[in-house]
Number of protein chains: 2
Amino acid sequence: MQSSLLDDLRLAGYRLTPQREVVLAVLSETHEHLTAREILRRARRRLPRLNKSAVYRALDVLTHLSLVNPIDVGQGEIQYELNTQPHHHHLVCQQCGKITDIDGHAFNTLDKILRTEYGFAPFLFHFAIFGICRECQRKMKKDTRVALLLTRCAPA
Amino acid sequence: MQSSLLDDLRLAGYRLTPQREVVLAVLSETHEHLTAREILRRARRRLPRLNKSAVYRALDVLTHLSLVNPIDVGQGEIQYELNTQPHHHHLVCQQCGKITDIDGHAFNTLDKILRTEYGFAPFLFHFAIFGICRECQRKMKKDTRVALLLTRCAPA
DNA sequence: TTAAGTGCAAATCATTTGCATGGAT
DNA sequence: ATCCATGCAAATGATTTGCACTTAA
């Protein structure tokens, strides 16, 4: 695992630095999605002089190696997670902000269509789907603005 | 259409202002996705004192009414488009940046699964899927970094 | 050795906000 | 007459960048 990371980096012309290792280690130790700021905070326990630029640069490298997935939930800070197998995806509730992880099978049909009909190779990991979760739908029945929204977002 | 906009706004407790009208008008006159900055530029031809704050606030209102869709292609500026029927979606090539519009049928299965299995009402309009387009896949066969990426993004 | 990587501080830049004024209802 | 909305300027805040110094190879 250690040596495979080194190989991946070398193969791509990168160096193995303590900064890159520790960023990857932090992400390996959780199943949460972490922001760059939170990664920095945790990584500094082991590498106190670590700088946020180095975190961003490390995340960039790790993302290009597809060891890490950025997840943009559209709320300012980008979140990062380890790119584990099997892939999973994220349902982001626009109302309460809750993020639900779901497994990949829901996307099989979509993946196939995009590849065969459009020749497009989708990155169906770093994937966030926005919408309204079950509980919020219940609460929202009364709110006029939102009722409109729910009506209009029905499938085409 | 004019009066329906007014109704929508009133129903939701908003006022119909020239600023909101002109922002909507600008979006109605194109099939492109426009950034807030570009919307401001075009809208100022008709409303020279229009301010960027007003544009952002108008886009916010129109989005909440689901008259407008924000599309975050992950490249800094958010893009906006009219929420037309039938819905369509966006394939964003991470390599060359090209955005391809596709119709909604590819998402029917996904939509159904999310609703029935997860009780989640997805906003399957403002939807951008990242990946690599046909042409870039061809060019990228030689590049080691990218070959790795293409391998790893294969369906789970 | 030497090119790539880091730490630091400053810059960038889309978006947001406070506040006094203006306008839709 | 109300109070929602705008214009302006200043703030915010995540991410990026320039540069001198380190360090992995």
Side-chain angles (χ1 to χ4, degrees), chain A residues 2-3 5-24 26 33-41 43-44 46-65 68 70-80 126 144-145, chain B residues 2-3 5-26 33-41 43-44 46-65 68 70-80 126 128 144-145:
Chain A
Q2 179 87 326
S3 69
L5 170 57
L6 185 57
D7 291 346
D8 285 350
L9 286 166
R10 267 202 297 246
L11 198 62
Y14 297 117
R15 288 180 183 172
L16 179 60
T17 65
Q19 289 84 350
R20 287 169 182 169
E21 276 185 294
V22 79
V23 165
L24 195 58
V26 164
H33 315 138
L34 305 182
T35 63
R37 190 160 43 88
E38 178 61 16
I39 291 168
L40 177 62
R41 200 179 68 73
R44 271 190 168 153
R46 276 173 270 177
L47 217 61
R49 316 218 29 185
L50 182 65
N51 184 268
K52 73 179 150 186
S53 305
V55 171
Y56 281 111
R57 290 188 276 228
L59 288 169
D60 207 46
V61 167
L62 296 171
T63 299
H64 276 97
L65 292 171
V68 164
I71 306 161
D72 186 347
V73 300
Q75 250 72 80
E77 284 173 283
I78 290 169
Q79 305 184 359
Y80 298 87
H126 44 91
T144 305
R145 300 187 193 197
Chain B
Q2 179 85 327
S3 68
L5 170 58
L6 185 56
D7 291 346
D8 287 349
L9 286 166
R10 265 201 300 245
L11 197 62
Y14 298 116
R15 288 179 182 171
L16 179 60
T17 66
Q19 289 84 350
R20 288 169 181 171
E21 276 186 293
V22 80
V23 166
L24 195 58
V26 164
H33 315 138
L34 304 182
T35 63
R37 189 159 44 89
E38 177 62 17
I39 292 168
L40 177 62
R41 201 179 65 75
R44 271 190 168 153
R46 276 173 268 178
L47 218 62
R49 315 217 30 185
L50 182 64
N51 184 268
K52 72 180 152 186
S53 306
V55 170
Y56 280 111
R57 289 189 276 229
L59 287 170
D60 207 47
V61 168
L62 296 171
T63 299
H64 276 97
L65 293 171
V68 164
I71 305 162
D72 185 348
V73 300
Q75 250 71 80
E77 284 172 284
I78 291 169
Q79 305 184 0
Y80 298 87
H126 46 89
T144 304
R145 298 188 193 195

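As the structure is a computational prediction, the values presented were derived from the model and not from experiment. Order of the sequence lines sets the chain letters (A, B, ...), proteins ahead of strands, with each chain counted from 1.
You'll find the side chain of B:Val61 reaches within 4.5 Å of the side chain of B:Leu9, heavy atoms only.
Taking every heavy atom of both residues into account, B:Ile71 and B:His33 meet most closely at CD1-CD2, 3.8 Å. The minimum heavy-atom distance between B:Ala43 and B:Leu50, with the atom names listed, is CB-CD2, 3.4 Å. B:Ala12 and B:Leu65 get closest at one heavy-atom pair: CB-CD2, 3.8 Å.
Of the listed nucleotides (D:dA5, D:dA24, D:dG7), D:dA5 has the atom at the smallest distance from the side chain of B:Thr17.
Whole-Å rounding puts the B:Asn51 CG to D:dA5 C1' distance at 12 Å. D:dT6 atom P lies 13 Å from atom CG of B:Leu40, rounded to whole Å. Atom CG in B:Leu50 sits roughly 15 Å away from atom P in D:dA5 (whole-Å rounding). Summarising the geometry, the separation between CG on A:Leu6 and C1' on D:dA24 is reported as 10 Å, rounded to the nearest angstrom.
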Evaluate the criterion side-chain contact (heavy atoms from CB on, under 4.5 Å) for residue pair A:Leu24 and A:Glu21; output intermediate values, then yes/no. CA-CA 5 Å; A:Leu24 195 58; A:Glu21 276 185 294; 5.9 Å; no

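Proximity of a side-chain donor or acceptor of B:Arg20 to a complementary backbone N or O of B:Arg15 within less than 3.5 Å is detected.
Nucleotides of DNA chain C with any atom under 4.0 Å from a heavy atom of chain A span, from 5' to 3', C:dA3 to C:dA9.
Every side chain to side chain contact (heavy atoms under 4.5 Å, CB included) that A:Arg46 has, sequence neighbours left out, goes to A:Val22, A:Ala25, A:Val26, A:Glu29. When the side chain to side chain contact (heavy atoms under 4.5 Å, CB included) test is applied to B:Thr35, the partners found at least two apart in sequence or on another chain are B:Arg37, B:Glu38, B:Glu77, B:Gln79.
Considering A:Val68, A:Leu62, A:Thr17 in turn, A:Leu62 is the only one that fulfils the side chain to side chain contact (heavy atoms under 4.5 Å, CB included) rule with A:Val23.
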For nucleotides 14-16 of chain D, tabulate all protein N/O to nucleotide N/O atom pairs closer than 3.5 Å, reporting atom names and distance.
from: D:dT15; atom 1: OP1; to: A:Ile78; atom 2: N; distance (Å): 3.2
from: D:dT15; atom 1: OP2; to: A:Tyr56; atom 2: OH; distance (Å): 2.5
from: D:dT15; atom 1: O5'; to: A:Tyr56; atom 2: OH; distance (Å): 3.4

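Note that the two end axes of the helix from C:dT1-D:dA25 to C:dT25-D:dA1 enclose an angle of 40°, each drawn from 5 base pairs, rounded to 10 degrees.
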Tell me which donor-acceptor pairs under 3.5 Å the side chains of residues 52-60 of chain B have, and how far apart each pair is, sequence neighbours excluded?
from: B:Ser53; atom 1: OG; to: B:Asn51; atom 2: OD1; distance (Å): 3.0

